[in-house]
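To keep things clear, I will list the structure first and then write my remarks on it.
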Amino acid sequence: MAEKNKNHENPGGVADTGHVWDGIKELDNPCPRWWLNALYLSGLLVVVYFILYPSLPLINGSTKGLLGWTQINEFKEDLAKTEAVRAPHEAKLASATVAQILADDDMRSYAIGSSRVLFGDNCATCHGAGGQGGPNFPVLADDDWLYGGSVDDIAMSIAKGRMGTMPAHEKILMTDEVDQLVQFVIDNSNGVANESGLALYNEKGCVACHGGDTKGIQMMGAANLTDQIWRFSGEEEQIRHTILHGVNDASDPKTRLATMPAWSEKMAIMLEAIAYAVEDGDDPNDIDWDDELDGSESERLTENEIKKLAVYVHQLGGGQ
Ligand code: HEC
Ligand code: HEC
């Protein structure tokens, strides 16, 4: 049994606890004063905190505390402050067209600033954080556009979604025709003339979508075949794959899949109605929206969000 040594034989005359390990004694020094004070103070703070803030968990929530503070209230206050700052900008955006937002310095910088998070949350999974694209997803940060690079075209791409289709040609073309077309596509992208290839391109109907100038017909979302910017890949085997199996051709299991989801059916209808009105020389303000919309249109992003994103994407690369 350990026995306390009180006869003050220890250094400094301090009592020990009677515990000895390998000849080393445990002395019974009191704790330093400053340390004890800090301990008592922290105990006191617990009591003060307990009185002022929510602390004890109960069955339905917790004790409330005198200050009435809650995390959710703090969050709501912060949110209200941010929204108060944003509200006038959002109101201005709501009554402007995308083109007007782009042309106005204030609205444009607000739109771009508040779109980074929006783009990160909704678009970056497919198009990359900086719009750099991926194996099956087009680059948004360049000046090559399948569906047009005007800010209106971009807004339409986002609102309506896009799904370019190219039929599979495996059953239509002979092997040597495929070889010739692959070579033509490669030559064409390098600016090398290939008369027989071009003739086959016209004869086999590629011209219907990729156009007489081979730059791609925008309405079809057909790729530009005159440049080195590849929607999929410039490798010979990959070009062959596209020609044989097409893009979004449901009848071919090896087809390339490429779907841009629609973000607002409602806004797509509105943009189309406005475009028709302008084309016909009518005032878009006269459009009867009750007539155009029945209220059941889906909307994954609001109109303002799409306007902002269109301006954002437009400045990522070379909008037109
Ligand atoms: C599920 C993947 C996916 C998501 C998410 C997605 N996109 Fe796309 N996007 C695509 C694909 C695929 C295409 C090309 C469609 C085609 O080839 O016909 C495309 C095309 C586009 C185009 C047209 C490009 C051109 O060259 O004309 C724009 C603009 C665009 N996306 C913007 C966005 C924005 C902004 C968002 C976020 C709100 C977004 N996308 C979210 C897959 C996606
Ligand atoms: C019905 C329209 C249509 C026809 C016909 C068509 N294409 Fe396409 N093609 C497209 C579309 C649309 C794309 C782009 C798909 C996308 O990005 O979603 C495309 C993409 C391509 C690509 C990929 C380009 C790249 O940048 O990666 C090649 C190569 C191509 N087509 C070659 C041809 C050839 C050769 C023919 C004729 C045998 C042909 N296409 C016929 C619509 C068509």
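Just so you know, these numbers use all the heavy atoms, side chains as well, and skip hydrogens, waters and symmetry mates.
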Do [X] and [Y] have side-chain N/O donor and acceptor atoms under 3.5 Å apart?
X      : Y      : answer
Asp187 : Gln183 : yes
Asn190 : Gln228 : yes
Thr255 : Asp252 : no
Asp294 : Ser296 : yes

Kindly compute the distance separating [atom1] ([X]) from [atom2] ([Y]), expressed to the nearest 0.5 Å.
X      : Y      : atom1 : atom2 : value
Ile239 : Ile186 : CD1   : CD1   : 4.5 Å
Leu309 : Ile154 : CG    : CD1   : 11.0 Å
Asp106 : Leu93  : CG    : CG    : 11.0 Å
Ile101 : Asp105 : CD1   : CG    : 13.5 Å
Asp152 : Leu271 : CG    : CG    : 7.5 Å
Phe119 : Ile158 : CZ    : CD1   : 8.5 Å

Could you check whether any side-chain N or O of [X] sits under 3.5 Å from a backbone N or O of [Y], counting only pairs where one atom can act as donor and the other as acceptor?
X      : Y      : result
Trp21  : His19  : no
Glu170 : Ala168 : no
Thr242 : Gln238 : yes
Asn122 : Leu118 : yes
Ser251 : Asp249 : no
Arg231 : Asn136 : yes
Thr17  : Glu26  : yes
Thr214 : His210 : no
Ser115 : Lys308 : yes

Test item: [X] and [Y] side chains (from C-beta on) under 4.5 Å apart, heavy atoms:
X      : Y      : value
Arg108 : Gln315 : no
Arg256 : Met166 : no
Tyr201 : Leu225 : yes
Ser264 : Leu301 : no
Met267 : Glu297 : no
Leu36  : Arg33  : yes
Asp16  : Asp28  : no
Glu235 : Trp230 : no

Tell me whether [X] shares a hydrophobic cluster with [Y], the cluster being built from Ile, Leu, Val, Met, Phe, Trp, Tyr side chains joined at under 4.5 Å.
X      : Y      : result
Ile274 : Met156 : no
Tyr147 : Val139 : no
Val117 : Val313 : no
Val47  : Leu67  : yes
Val182 : Val207 : yes

Shortest non-hydrogen contact between [X] and [Y], atoms and distance:
X      : Y      : answer
Cys209 : Ala222 : O-CB, 3.2 Å
Leu146 : Ala223 : CD2-CA, 3.8 Å
Pro88  : Ala84  : CD-O, 3.3 Å
Gly130 : Ala141 : O-CB, 3.6 Å
Trp145 : Leu140 : CH2-O, 3.6 Å
Ala258 : Val247 : CB-CG1, 4.3 Å

Salt bridge flag under 4.0 Å for residues Arg240 and Glu236: yes

Quick one: do Val151 and Val311 satisfy side chain to side chain contact (heavy atoms under 4.5 Å, CB included)? Show the steps, please. CA-CA 6 Å; Val151 74; Val311 171; 4.2 Å; yes

Apply side chain to side chain contact (heavy atoms under 4.5 Å, CB included) to the pair Trp263 and Ile306, showing each step before the final yes or no. CA-CA 8 Å; Trp263 295 89; Ile306 291 180; 4.2 Å; yes

Verdict with supporting geometry, Met270 and Leu293, side chain to side chain contact (heavy atoms under 4.5 Å, CB included): CA-CA 8 Å; Met270 293 174 76; Leu293 301 166; 4.1 Å; yes

Checking Trp69 against Asn73 for the side chain to side chain contact (heavy atoms under 4.5 Å, CB included) test, could you report, in this order, the C-alpha distance in whole Å, the side-chain angles of both residues, the deciding distance, and whether it holds? CA-CA 7 Å; Trp69 180 93; Asn73 278 347; over 6 Å; no

For the residue pair Phe137 and His127, categorise the inter-ring angle as parallel (less than 30°), tilted (30 to 60°) or perpendicular (more than 60°). perpendicular

Geometric class of the Tyr110/His89 ring pair [parallel <30°, tilted 30-60°, perpendicular >60°]: parallel

Which residue pairs pass the salt bridge (Lys or Arg N to Asp or Glu O under 4.0 Å) test when at least one of the two sits in residues 199-211, sequence neighbours left out? Glu177-Lys204

Evaluate the salt bridge (charged side-chain N to carboxylate O under 4.0 Å, His left out) criterion for residues Glu90 and Lys307: first the C-alpha distance (whole Å), next the side-chain angles of each, then the deciding distance (0.1 Å), finally the verdict. CA-CA 11 Å; Glu90 293 288 332; Lys307 288 180 187 175; over 6 Å; no

Under 4.5 Å side-chain heavy-atom separation, chaining through any Ile, Leu, Val, Met, Phe, Trp or Tyr, what else clusters with Phe75? Say none if it is isolated. Ile72, Leu79

Crowded around Gln71 CD? As in, over 12 foreign heavy atoms under 6.0 Å? no

Would you sort out whether Lys160 and Glu272 count as a salt bridge (charged side-chain N to carboxylate O under 4.0 Å, His left out), showing the intermediate values? CA-CA 10 Å; Lys160 192 177 182 180; Glu272 261 162 8; 2.8 Å; yes

